[in-house]
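Letters A, B, ... are given to chains in the order of the sequence lines, protein chains preceding strands, and every chain is numbered from 1.
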Amino acid sequence: MSEIKITLPDGSVKHFEAGTSALQVAQSISEGLARNIIAAKVNGKVVDATLPILTDADLVLLKWEDQDGKRTFWHSSAHLLAEALEALYPGVKLGIGPAVETGFYYDVDFGDQKFTSEDFGKLENKMLELARTNSAYVRKEVSKAEAIQYFTEKGDEYKLELIEDLNDGEITFYSQGNFTDLCRGPHIPTTGFIKAIKITSLAGAYWRGNEKNKQLTRIYGVTFPKKSELDEYMVILEEAKRRDHRKIGKELELFTFSEKVGMGLPLWLPKGARLRECLVQFLQKAQVAAGYQPVITPHIGNKNLYITSGHYEKYGEDSFQPIKTPREGEEFFLKPMNCPHHCEIYKASPKSYKDLPVRYAEFGTVYRYEQAGELHGLTRVRGFTQDDAHLFVRPDQVKEEFCKVIDLVLYVFKSLDFKDYTAQISLRDPNNKTKYIGSDENWALAESAIIESAAEKGLNTVIELGEAAFYGPKLDFMVKDAIGRKWQLGTIQVDYNLPERFELEYTGSDNLKHRPVMIHRAPFGSLERFVAVLIEHCAGNFPLWLTPEQVIILPISEKYQEYAENLLNVLKKHDIRALIDDRSEKTGKKIRDAEMKKLPLMLIVGEKEQAENTVSVRKQGGEDLGSMSVESLVSWINKEIETQLN
RNA sequence: GCCGUUGUAGCUCAGGGGUAGAGCACUUCCUUGGUAAGGAAGAGGCCAAGGGUUCAAAUCCCUUCAAUGGCUCCA
């Protein structure tokens, strides 16, 4: 037997016989470790922990805690789901069953049999029962002919269709218990690892995502190696439901929708509008400081504008259709993006290299025809306002400007308490350059500018090749909210296309015409989406500087109404958003209602406060700040806001 | 757009072939109270819209609209 060298992540090298599996390597370290190993990464490829390793290799032992470990675990759970389904519903046909971000699903064709959410419990129990048999997942290489024969006998046309596309010699089956599936793997060693199971939802899904194909039933589930982890997961699900921006938006009277106005067209209520105004002012201030110039453009634009920009060709059919002038028959589109308008602003006057960079900013409302089924609360709407800006820069300025935009985005995140974020850099596919426009030099410049800027700013980045837009590379920010969900917010994109199409120019120091580079950026993305994410992030407890109502005055009785009104005037003079609860209710009731409305500061005023000319301050949640003069309250608030924003 | 589910008062929801119910919110009255729900009375609904079945429809059926969970899409 020959010997192989296994290199572990800590750099240590161990010698084993060829054919040793990752699991055996783990066992050689400790039994306890081996018990937790669910898969392995051999030379960067995720494989079964039981797969014999034949050559020298870098080995990473994967546990539940590893992302690849989870995926393997969930993929194996999908097989367990399929096994349970076959046991409970003989004759079901199986489509595909992959792992997803959280959990897994299996697409199945129940034929004439019915499956509803009431059957979830039954299915979970069956899966648990099968999991407890602790059956091994067994890998078997099969020929294409064997594979076809197996599934022909089984009568599963979906699997047969999948096999069609596979090459002979690279087909494998995995079996556990009485179930065999076509699968590339890898899998966990045995079903016994799966200790807790939850079938989460049911949905229709077309075979291979094509609506011309038959619709299958997609069963979603999630599994865990410990019961306690499932419990935690259920708590987070509940929490997510509690934080749903649609629910909180209604409760806090921030926004609404009306069938009459139209689907996907949000109506901002007074409190929501105030919150939005605060966000706009906040960003506007930061942008002015960063050298942006506000511009304003109309909500519609001539069809020719979008023909020039190329958007008509690409999206014309899928847009709200043009409106026509009654006499001339000219066609105008609702503005689906601000960039072409800004290009025309750039062109309004000749530019010198000394003028650049030029930064035009606009909170521009745009309208896009999103498919009815796509609409969702404020995160996916048909009319929304982008915190848009376009920077027209010289090629040599791309990096510096990019850095400044990153600074701005990070400032926004910090001010809104998004502490956990990553950046995705999308570059062009180096093997398929024809898909993209712009010269190689410019791409090289832009791509290295993005990479270097991100590195300089210490961003935690992921690089995705081939994910760039056809007109340029980009950087997207993904933030994690308070309960760990990821959202894509800000985006920064470099664009060579529009300057070309609009023939934008500036005169260089050489007195020749040059083409500027355009940077699109939106730290919020859109105000609608950002507010939605923010609501879910803070569960409606907005930072003091942003919250629509900062202070509520609660007079103990009507006798102190006048005193309360005087206080209100003082607060308003200091630009503090305040109101009085003058209902004929007891203090306890008023406090409860203020708590429900998530009002950060309550001022209780009665005989004592009136006599001493003070207010008693209660923070939301119950903390007592004691009594103080209204002036010291104002300075307390201002200090608080200053800390939040710096 | 496609498939499933849902649509009853401002909100959260119950009911269900014989022409509507609760709690909260709202209005009025009593109460003038000190840190998370005081009491009473009142008002409020074409039961999403349209069409069918029926002696009778909010209830059953069909269509449409909208919301919702997915799929496909996202400049």
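If you check every strand for non-hydrogen atoms under 4.0 Å, A/Ser309 touches nothing. Residue contacts shown for A/Glu253 are absent, as no nucleic acid heavy atom lies under 4.0 Å away. Among the heavy atoms of the strands lying under 4.0 Å from A/Arg380 is at least one base atom, whether or not backbone atoms are also near. Base contact: A/Arg618 has a heavy atom under 4.0 Å from a base atom. Counting non-hydrogen atoms under 4.0 angstrom, A/Gly606 reaches a base of the nucleic acid. In this structure, A/Met337 reaches the bases: a heavy-atom distance under 4.0 Å links it to at least one base atom across the strands shown. At a threshold of 4.0 angstrom between heavy atoms, the contacts of A/Glu607 include nucleobase atoms, whether or not backbone atoms are also involved. Using a 4.0 Å heavy-atom cutoff across all strands shown, A/Lys250 reaches sugar-phosphate atoms only and no base atom.
Between the C1' atoms of B/rA49 and B/rC65, the separation comes to 7 Å (whole Å). For the P atoms, the distance from B/rG15 to B/rC71 is 31 Å, rounded to whole Å. Comparing the same atom, P, in B/rU8 and in B/rU12 gives a spacing of 9 Å after rounding to whole Å. Nucleotides B/rC61 and B/rA22 are separated by 31 Å at their C1' atoms, to the nearest Å. B/rA57 and B/rG51 have their C1' atoms separated by 13 Å, with the value rounded to a whole Å. Going from the P atom of B/rG4 to that of B/rA40 covers 48 Å, rounded to whole Å. Distance check on atom C1': B/rA36 versus B/rA20 gives 34 Å, rounded to whole Å. Comparing the same atom, P, in B/rA43 and in B/rG23 gives a spacing of 15 Å after rounding to whole Å.
Between the CD atom of A/Glu370 and the C1' atom of B/rA66 there is a distance of 18 Å, given to the nearest Å. Rounding to whole angstrom units, CE of residue A/Met263 and P of B/rU64 are separated by 13 Å. Rounded to an integer number of Å, the gap from A/Lys597 NZ to B/rC11 P is 17 Å. Between A/Asp244 atom CG and B/rU12 atom C1' there is a gap of 15 Å when expressed in whole angstrom units. Atom CG of A/Leu601 and atom P of B/rA36 are 16 Å apart (whole Å). Rounded to an integer number of Å, the gap from A/Ile591 CD1 to B/rG33 C1' is 12 Å. Going from atom CG of A/Asp476 over to atom C1' of B/rC74 covers 13 Å, rounded to whole Å.
Among the nucleotides B/rA75, B/rA67, B/rG33, the one closest to any side-chain atom of A/Ser557 is B/rG33. Side chain of A/Tyr315, nearest nucleotide from B/rA75, B/rU35, B/rG38: B/rA75. Listed candidates were B/rG34, B/rA75, B/rA36. Nearest to the side chain of A/Ile604 is B/rG34.
Checked by distance alone, A/Gln371 brings no side-chain donor or acceptor within 3.5 Å of a matching partner on the base of B/rC71. Judged by distance alone, with hydrogens and angles left aside, A/Ser584 brings no side-chain donor or acceptor close enough to the base of B/rU32 to form a pair under 3.5 Å.
Judged by distance alone, the side chain of A/Gln321 and the main-chain N or O of A/Ser319 form a donor-acceptor pair under 3.5 Å. Judged purely by atom type and a 3.5 angstrom limit, A/Arg274 uses its side chain to pair as donor or acceptor with the backbone of A/Pro548. A donor-acceptor contact shorter than 3.5 Å links the side chain of A/Asp156 to the backbone of A/Leu94. Between the side chain of A/Asn302 and the main chain of A/Leu305, no donor-acceptor pair closer than 3.5 Å is present.
Applying the 4.0 Å criterion to OP1 and OP2 of B/rG69, one finds that A/His376 has a side-chain N or O inside that range. Checking the phosphate oxygens (OP1, OP2) of B/rC74, no side-chain nitrogen or oxygen of A/Arg368 falls inside 4.0 Å.
Under the salt bridge (Lys or Arg N to Asp or Glu O under 4.0 Å) criterion, A/Asp387 pairs with no residue at all, not counting sequence neighbours. For the ring-ring contact (aromatic ring centres under 6.0 Å, His included) test, residues two or more places apart in sequence or in another chain that qualify with A/Phe477 are A/Phe413. Listed by chain and number, the residues in a side-chain contact (heavy atoms from CB on, under 4.5 Å) with A/Tyr89 are A/Leu85, A/Val92, A/Phe110, A/Gln113, A/Phe115, A/Asp119, A/Lys122 (sequence neighbours excluded). In this view, A/Asp388 and A/Asn338, A/Gln386, A/His390 satisfy the side-chain contact (heavy atoms from CB on, under 4.5 Å) rule, not counting sequence neighbours.
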Just the atom pairs and distances: protein N or O near nucleotides 47-51 of chain B's N or O, under 3.5 Å.
none

Give the intermediate values and the outcome of ring-ring contact (aromatic ring centres under 6.0 Å, His included) for residues A/Tyr346 and A/Phe392.
CA-CA 8 Å; A/Tyr346 178 91; A/Phe392 300 87; 4.6 Å; yes
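Base-pairing analysis of RNA chain B finds the following stems of at least three consecutive Watson-Crick or G-U pairs, with both pairing distances under 3.5 Å: B:1-7 with B:65-71, B:10-13 with B:21-24, B:26-30 with B:38-42, B:48-52 with B:60-64.
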Which donor-acceptor pairs under 3.5 Å do side chains of residues 248-255 of chain A form with protein atoms, sequence neighbours excluded?
from: A/Glu251; atom 1: OE2; to: A/Lys247; atom 2: NZ; distance (Å): 3.4
from: A/Glu253; atom 1: OE1; to: A/Lys271; atom 2: NZ; distance (Å): 3.1

Output a table of donor-acceptor pairs, distance under 3.5 Å, between side-chain atoms of residues 612-619 of chain A and any protein atom two or more places apart or on a different chain; print 'none' if there are none.
from: A/Ser616; atom 1: OG; to: A/Glu609; atom 2: OE2; distance (Å): 2.5
from: A/Arg618; atom 1: NE; to: A/Glu595; atom 2: OE2; distance (Å): 3.3
from: A/Arg618; atom 1: NH2; to: A/Glu595; atom 2: OE2; distance (Å): 2.8

For residues 528-538 of chain A, dump all side-chain donor-acceptor pairs below 3.5 Å to protein atoms at least two apart in sequence or in another chain.
from: A/Glu528; atom 1: OE1; to: A/Thr385; atom 2: N; distance (Å): 2.9
from: A/Glu528; atom 1: OE2; to: A/Arg276; atom 2: NH1; distance (Å): 3.0
from: A/Arg529; atom 1: NE; to: A/Gln488; atom 2: O; distance (Å): 3.1
from: A/Arg529; atom 1: NH2; to: A/Gln488; atom 2: O; distance (Å): 3.2
from: A/Glu536; atom 1: OE1; to: A/Arg485; atom 2: NH1; distance (Å): 3.0
from: A/Glu536; atom 1: OE1; to: A/Arg485; atom 2: NH2; distance (Å): 3.2
from: A/Glu536; atom 1: OE2; to: A/His245; atom 2: N; distance (Å): 2.8
from: A/Glu536; atom 1: OE2; to: A/His245; atom 2: ND1; distance (Å): 2.9
from: A/His537; atom 1: ND1; to: A/Ala482; atom 2: N; distance (Å): 2.9
from: A/His537; atom 1: NE2; to: A/Asp417; atom 2: O; distance (Å): 2.8

Taking distance alone, no hydrogens or angles, what donor-acceptor pairs closer than 3.5 Å link side-chain atoms of residues 549-557 of chain A to residues at least two apart or in another chain?
from: A/Gln550; atom 1: OE1; to: A/Arg577; atom 2: N; distance (Å): 2.8
from: A/Gln550; atom 1: NE2; to: A/Leu544; atom 2: O; distance (Å): 3.0
from: A/Ser557; atom 1: OG; to: A/Lys559; atom 2: N; distance (Å): 3.1

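Residue A/Ala372 is the one, among A/Leu375 and A/Ala372, whose nearest nucleotide of RNA chain B lies closer to the 5' end (criterion: closest heavy atom). Residue-to-nucleotide proximity on RNA chain B shows that, of A/Gly622 and A/Tyr220, the 5′-proximal contact is made by A/Gly622.
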Protein heavy-atom contacts under 4.0 Å, written 5' to 3' over nucleotides 22-27 of chain B as B (base), S (sugar-phosphate only) or - (none), form the string ---SS-
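Applying the salt bridge (Lys or Arg N to Asp or Glu O under 4.0 Å) definition to pairs two or more places apart or across chains, those involving residues 358-375 of chain A are A/Lys335-A/Glu362, A/Arg359-A/Glu401, A/Glu370-A/Arg380.
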